[in-house]
Amino acid sequence: MTEIKRRALMDKEAPNRSTAIVNGRSSNILNWDDVRFSWAYPKYKKMLGNFWTPFEINMGTDVKQFLDLTDEEKNTFKKIIGLLALLDSIQTDYAGKVADYLTDSSLNALMIILAQQEVIHNHSYSYILSSLVSKDEQDRIFDFWRTEPVLEKRNDFVLKGYKNFAENPTIDNMLDSIVYDVILEGLFFYSGFSFFYHLARNQKMVATSTMINYINRDEQLHVDLFVKIYKELLTEYPEYDTPERAERVQNIFREAAALEIEWANEVIGTKIDGLDVEDVEDYIYFYANVRCNQLGYDRPFEGYRKNPLKWIKAYEDVDLGKTDFFEQKSRQYVKVNVQDNGFDDL
Ligand SMILES: [Fe+2]
Ligand SMILES: [Fe+2]
C-alpha cells in the first residue's frame, strides 16, 4: 500500500517542474511554461474558454413556461435540480481534496478552476430555482437529498469511494476515487441532462437548458482531466495496472449504471410525454461504456455502442461550437484573443 503525501506549501530545493504526479518533488511554484505535463496548459486554456455565469442568462421566458409544465414535469424538474445541487456541492470539495495530494502546481491550478466551475454550477441551480419557485420551495428542493431514498443510495455509493480516499490516501484509493469521480461527473448527471434537453427540444425551458448545456460542456472537460490524472497515476505506478483493477472498475460501472437506471425510473419513468425511459436506460448503458472505456478498460455492457438518444448529440455538439441551438448571447462568450504562449505546440 503506497501512501500518498500531501503537497508541501513550498520546497526551496525542488524544481518548479514537478518530478511526479504524486509523491514527487515540486517547489510548488507555478510557471505555465515549465510544467511537467504537456496537456496541462491546453486544458487550462479550454477551461478558461468555457467561462460563463448564470447572470448572463435571462430566465424571463422560462418563468412563464414553467407555469405551463405538467405537474409531473414540474416535479421531475425540481427533483433533478435537487440532485444536481448535491452532486456539484460534493464535487467542489472533492476536487480540493484530490488537489492537496497532487505534487504538481499546474494540476493543482486546474483542480482549483474545476472547483470554481462546480461553484458556478451550484449558483445556476439557485438562480434557476429563485426565478421559478418560492424561497421555501427552493429550500425544500435543496434538501431533497436528505429524504429521497433513491438519491440517498446513489450518494452513499459515490461518497464511499471519496471517503476511502479522504481518510486513507493510498494510490489504490486515489485511483478508485477517480473512478467514482468519472461516474459522478460523467454518468450521474446524464439522465438529468436528457430530461432538460428533452424540454429544450420541445422549445420549453430553454434558458434552463442553456445552463444545463454549459454545465454538460464543463463536465466533459472535468471527466477528461480526471481520466488524464488516472492514466498518469497508472503510468507512474504500473504495478496498479492489473486485470483485477480492470475487473473492479467494470463492476463499479455496473453498479453505477444500475443506480442511475433506478433514478431514471424514479424521475422519468412513464411520466414524461415523449421521453421513453427505456431509451434513457440505453443512454445510461451507452455512457457507462464510454466512461469505462475512457479510463482504458473494456466496455462492461455488451452492445450499447451507439447513443440511442441521437437528438442529444446535437446539444452536446454545441459544446464544440459546431452548432448554435439556443442562440443565447453567451454562446459566443469563448474568448478568442487569449494570448497563446505556444506552449502546447512544443
Ligand atoms: Fe459540475
Ligand atoms: Fe464537474
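First listed ligand is number 1; within each ligand, the first listed atom is number 1. Quick caveat, the model's predicted, so the values are computed rather than measured.
A 4.5 Å side-chain heavy-atom check between Phe77 and Leu199 finds at least one atom pair inside the cut-off. Between Leu295 and Phe253 the shortest side-chain heavy-atom distance falls below 4.5 Å. Contact annotation: the side chain of Ile81 approaches that of Ile128 to within less than 4.5 Å [non-hydrogen atoms, C-beta and beyond].
A ring pair (Phe, Tyr, Trp, His ring centres under 6.0 Å) with Tyr44 is found for one member of Trp32, Phe37, Phe51 and no other, namely Trp32.
A side-chain N or O of Asp88 and one of Tyr125 form a donor-acceptor pair less than 3.5 Å apart.
For Arg245, the salt bridge (Lys or Arg N to Asp or Glu O under 4.0 Å) partners at least two apart in sequence or on another chain are Asp172, Asp176.
Each protein N/O/S atom under 2.8 Å from the Fe ion (ligand 1) was counted, for a total of 4.
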